[in-house]
Every structure is written in C-alpha cells, then in structure tokens.
Amino acid sequence: MRWTTLATPIGDLYLAANDNALIQVEFAGVAHGRSGTRGDSAILTLARRQLTEYFAGKRTEFDLPLEMTGTDLQLKVWRALERIPFGKTRTYGQLAVALTKKTQTARAVGVCCGRNPLPVIIPCHRVLGTNGALTGFGGGIWRKEWLLKHEGVLDPELML
C-alpha cells in the first residue's frame, strides 16, 4: 500500500491506494495511523488530480478505481451514496427505506456512513438528518457544511 496527502480547503486529506484502487481517504486530525509506504502511484496521482478539480469547482463526479471492504449492509449503503448526485442530498431515513424498506434502520445507515472509508469520493456528506439537519459526519460538521456549500446545497448567506 502507498499513501500521500493532499492539501484542501477542508484540511489535509490522507489518501491510500493498493496496486489496483484507492482504498482510503481520511481527514487531518481524524486519521487512524499510516501504514504502507509514503509515495506516489498512478492511482494516487489520479485521485489527487480529481480531488483538486473537485475543490476548484471543476469536477462534480469522480472516476477512480475504488476498493471497499465492509459488511453487506455497509457495501450497500456506500454504493447508494455513490448514486447521490452532486448538489443533491438524501436523509438517513430515505436511504434506509430505499435499501431496507424500513425507516427503523436509519441509525444503521448512519453508522455505515460513519464508517465510509472514502469520504468526499463516496459522498456521505450528502446525507442529512431529519428535516435537513447537519448531523453525523466523521470529519466534523464544519467540513460537511463546507462541502454542502461548495456543492450549492446550502446557501452560505443563510448559514451566518
């Protein structure tokens, strides 16, 4: 595994990849430790470029090889997150109903979002609490708010 960092408007991101895919994105101050070798690879170069374009407002979708390991429910939730378009949101309850047909599983969906190994790329920031509440983001609510403003979901004038 190789890893690198990328400076962004929401702090440094730690990016890790194996030979085939991007496997991890973590926020500065939230990282769980570094394993592997610091350095570059074709996948990390591509990920840095696409993330830089996203933060510059020039990219709304990512086209990266991704590899995620998780439970069946986690994988279902993360795949559903990938289908939330740029500038759109869903609630935990909406995802729960779409995936399990039960609103009672909204908390389980939230836990899966919190364990997303590829935040920003897999857009868990686009998932809101009931009535649009900004809740549950492992990188900190301020980052979720920044990302949603960046995507035009939140009006910066209303957030003062």
- prompt: Less than 6.0 Å separating the ring centroids of Phe27 and Phe137?
  reply: yes
query: Is Arg49 reaching over with its side chain to a backbone N or O of Thr45, donor-acceptor style, under 3.5 angstrom?
result: no
message: Leu148 vs Glu145, test: side-chain contact (heavy atoms from CB on, under 4.5 Å). Steps then yes/no.
response: CA-CA 5 Å; Leu148 292 171; Glu145 182 178 336; 6.0 Å; no
- prompt: Linking I/L/V/M/F/W/Y whenever their side-chain heavy atoms sit closer than 4.5 Å, directly or via other members, would Met68 and Leu46 fall into one cluster?
  reply: yes
field: Audit row: Arg48, Leu51, side-chain contact (heavy atoms from CB on, under 4.5 Å) steps and yes/no
entry: CA-CA 5 Å; Arg48 275 198 320 273; Leu51 282 161; 6.0 Å; no
field: Under 3.5 Å: donor-acceptor pair, side chain of Thr71, backbone of Gln74
entry: yes
message: Just verifying a value: how many Å separate Gln24 CD and Asn116 CG, rounded to the nearest 0.5 Å?
response: 11.0 Å
message: Are Val109 and Val111 linked, directly or through intermediate hydrophobic residues, by side-chain heavy-atom contacts shorter than 4.5 Å (ILVMFWY only)?
response: no
field: Spacing of Ile10 atom CD1 and Thr8 atom OG1 [to the nearest 0.5 Å]
entry: 4.5 Å
statement: Output for pair (Met1 CE, Leu44 CG), nearest 0.5 Å, gives 9.5 Å
message: Looking only at side-chain N and O atoms, does Asp12 offer a donor or acceptor that is under 3.5 Å from a partner on Thr5?
response: no
query: Do Gln50 side-chain atoms and Ala47 backbone N/O form a donor-acceptor pair below 3.5 Å?
result: no
For residues 119-136, tabulate all N or O donor-acceptor pairs below 3.5 Å that involve a side-chain atom, not counting sequence neighbours.
unit_1, atom_1, unit_2, atom_2, d
His125, NE2, Glu151, OE2, 2.8
Arg126, NE, Glu151, OE1, 2.8
Arg126, NE, Glu151, OE2, 3.3
Arg126, NH1, Ile84, O, 2.6
Arg126, NH2, Glu151, OE1, 3.4
Arg126, NH2, Glu151, OE2, 3.0

query: Judged by atom type as modelled, is there a donor-acceptor pair below 3.5 Å linking the side chain of Arg83 to the main-chain atoms of Arg79?
result: yes
message: Just to verify, which of Leu15, Leu81, Leu22 counts as forming a side chain to side chain contact (heavy atoms under 4.5 Å, CB included) with Leu118?
response: Leu22
statement: Closest non-hydrogen atoms of Pro65 and Asn20, given as atom of the first, atom of the second and distance, are CB-O, 3.4 Å
message: Among residues at least two apart in sequence or on other chains, which ones pass side-chain hydrogen bond (donor to acceptor under 3.5 Å, both in side chains) with Arg59?
response: Glu53
query: How far apart are the closest heavy atoms of Ala80 and Leu99, and which atoms are they?
result: CB-CD2, 4.0 Å
- prompt: For the residue pair His150 and Tyr54, does the interplanar ring angle fall in the parallel (under 30°), tilted (30 to 60°) or perpendicular (over 60°) class?
  reply: perpendicular
message: What's the separation between atom CG in Leu73 and atom CH2 in Trp78, rounded to the nearest 0.5 Å?
response: 9.5 Å
- line: Residues Cys113 and Tyr92: closest non-hydrogen pair is SG-CE2, 4.0 Å
statement: Taking every heavy atom of Pro85 against every heavy atom of Arg90, the minimum-distance pair comes out as CD-NH2, 3.9 Å
field: NZ/NE/NH1/NH2 to OD/OE distance under 4.0 Å, Arg2 and Asp19
entry: no
message: Please verify the inter-ring angle class for Tyr14 with Trp3; under 30° counts as parallel, over 60° as perpendicular, anything in between as tilted.
response: tilted
message: Does anything in residues 60-74 form a salt bridge (Lys or Arg N to Asp or Glu O under 4.0 Å)? List the pairs, not counting sequence neighbours.
response: none
task: Measure from the ring center of Phe55 to the ring center of Trp146 and say whether it is less than 6.0 Å.
output: yes
